[in-house]
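First up is the structure itself, then whatever we jot down about it.
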There are 2 protein chains.
Amino acid sequence: MASLSAKENTMLAILGILTIGPHTGYDIKQHMEQSTQYFWKENYGQIYPGLAELLKNKDVAVRVQRQDGKPDKKIYSITEQGKQLLNNWLSQPMEHMVMLKKNELLLKVFFGSNTSADIIIGHILDHKKKLEEALQIFLGLEEWLLKQETDDPNIKYWLITNDYGKRQFSSLIHWCDDSISLLNKSI
Amino acid sequence: MASLSAKENTMLAILGILTIGPHTGYDIKQHMEQSTQYFWKENYGQIYPGLAELLKNKDVAVRVQRQDGKPDKKIYSITEQGKQLLNNWLSQPMEHMVMLKKNELLLKVFFGSNTSADIIIGHILDHKKKLEEALQIFLGLEEWLLKQETDDPNIKYWLITNDYGKRQFSSLIHWCDDSISLLNKSI
DNA sequence: GAGTTCATGTAACCGGTTACATGATTAG
DNA sequence: CTAATCATGTAACCGGTTACATGAACTC
């Protein structure tokens, strides 16, 4: 079980997807876009080299499926060793700080006194619209997850991660409303 | 008013800080760590080159203050042209998506079925502790802001950005509690 | 005909982070 | 005696994003 350093989390995210079932590199990206997209996403520039290194370390295995007209499919699956690696990573504590992503909206609001309140209100309204659209996706996903077989041990965890986004976005929609009325009051 | 491209937001963040008053590069970092740290932070590797380019474009001006024992202080202030640039940026719409930062905690929770519930509960508890500490900072900052002169037009905007963090973190603390009890139920 | 989907992969670019270099003063 | 603070700046590293290359099949 060689250490991974560097692109570590990328590779663990790939390994995680492979616990669900065998995937091609292409599939992995598609899968992430449907499930983990709002907190984790990789692009091909990371996935293909990541898979190559996982293969080199024997944490995954490949089966090549011939196709014509398209490049051959390389279907990857997780090995026992890969499962151990994932398991070890899962139990490792994280020293990540609680820090938000760089947020351009907040940067503009923070310096809002340098322009008119209406402009800031406009930005917040735009943001609210996007939050509401995103919230719909979480609600749709929740509904879908609740319909699935209850004996799949993943469902519980997937509902929890979905709930994280749901709550966060709901509270931010309220922030938009309250901030707008606060700014309107003082015009 | 030359276009900035690239490191654009970094430079606008610097310009924004300079609307509050003249600052050295060193001060700007300190200032960001106290005020915008949870949604915007730059390091010297960006601030010093950023200031150099802003100076080249005449969006800021410098005054050098001799010091002995330390490098001379370069005190930057925003020019009229810089104010126009900032103002223009403030009114520009953003096409940022609503997307969270890559979140290692959620990645582990998402793949939680590959380990024991206790381990995931442990991670969530660790996270909760950090959220609570961060929330205290927001509450402290809010208290301080409310004590300031009410005629400073910045205060209102700073309270709003602070509130963003406050709400987000509060709702996530609840998520921690609810997720833990959900995971405990099924052990 | 143009654009999207499937499917692989590489190369270049670009920005953010860390480490290094310098060096006096003050606090523990 | 060590570490932190003030104060500037550069260089190297590293990872993430975008674009490119290839090419058949299918949809609009």
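Chain naming here is simple, since letters A, B, ... match the order of the sequence lines and numbering starts at 1 in each.
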**Item:** B:Leu172 reachable from B:Ile137 in the ILVMFWY side-chain graph, under 4.5 Å edges
**Value:** no
Measuring from [X]:[atom1] to [Y]:[atom2], what's the distance to the nearest 0.5 Å?
{"X": "A:Leu146", "Y": "A:Leu141", "atom1": "CG", "atom2": "CG", "result": "10.0 Å"}
{"X": "B:Leu18", "Y": "B:Leu12", "atom1": "CG", "atom2": "CG", "result": "11.5 Å"}
{"X": "A:Glu132", "Y": "A:Ser170", "atom1": "CD", "atom2": "OG", "result": "10.0 Å"}

Is there any protein nitrogen or oxygen under 3.5 Å from a nitrogen or oxygen in nucleotides 23-28 of chain C, and what are the pairs?
unit_1: C:dA24; atom_1: O4'; unit_2: B:Gly69; atom_2: O; d: 3.0

**Prompt:** Got a sec, which residues hit ring-ring contact (aromatic ring centres under 6.0 Å, His included) with B:Trp175, two or more places apart in sequence or on another chain?
**Reply:** A:Tyr164
**Sole candidate of B:Thr19, B:Asp152, B:Asn154 that passes side-chain hydrogen bond (donor to acceptor under 3.5 Å, both in side chains) when paired with A:Ser113** = B:Asn154
**Request:** With the side chain of A:Thr24 defined as its heavy atoms from C-beta on, choose the nearest nucleotide among C:dT17, D:dG9, C:dA7.
**Result:** C:dA7
**Fill in**
Of the candidates D:dT8, C:dG16, C:dG9, the side chain of B:Lys74 sits closest to D:dT8
Can you tell me how far [atom2] of [N] sits from [atom1] of [X], to the nearest Å?
{"X": "B:Leu12", "N": "C:dG15", "atom1": "CG", "atom2": "P", "result": "14 Å"}
{"X": "A:Tyr44", "N": "D:dT22", "atom1": "OH", "atom2": "P", "result": "19 Å"}
{"X": "B:Leu51", "N": "D:dT10", "atom1": "CG", "atom2": "C1'", "result": "15 Å"}
{"X": "A:Met11", "N": "D:dG15", "atom1": "CE", "atom2": "P", "result": "11 Å"}
{"X": "A:Gln67", "N": "D:dT22", "atom1": "CD", "atom2": "C1'", "result": "15 Å"}
{"X": "A:Asp72", "N": "C:dC6", "atom1": "CG", "atom2": "C1'", "result": "13 Å"}
{"X": "A:Gln46", "N": "C:dT10", "atom1": "CD", "atom2": "P", "result": "14 Å"}
{"X": "A:Tyr48", "N": "D:dT22", "atom1": "OH", "atom2": "P", "result": "17 Å"}

**Asked** Does a donor on one side chain and an acceptor on the other come within less than 3.5 Å for B:Asp72 and B:Gln67?
**Response** no
**Prompt:** Does NZ or CZ of B:Lys29 come closer than 6.0 Å to the centre of the six-membered ring of B:Tyr44, within 45° of the ring's axis?
**Reply:** yes
**Message:** Expected output is a numbered-order residue list: members of residues 25-43 of chain A with a heavy atom under 4.0 Å from any atom of DNA chain C. What is it?
**Reply:** A:Gly25, A:Tyr26
**Message:** Please report whether the ring centroid of A:Phe138 lies less than 6.0 Å from that of A:Phe169.
**Reply:** yes
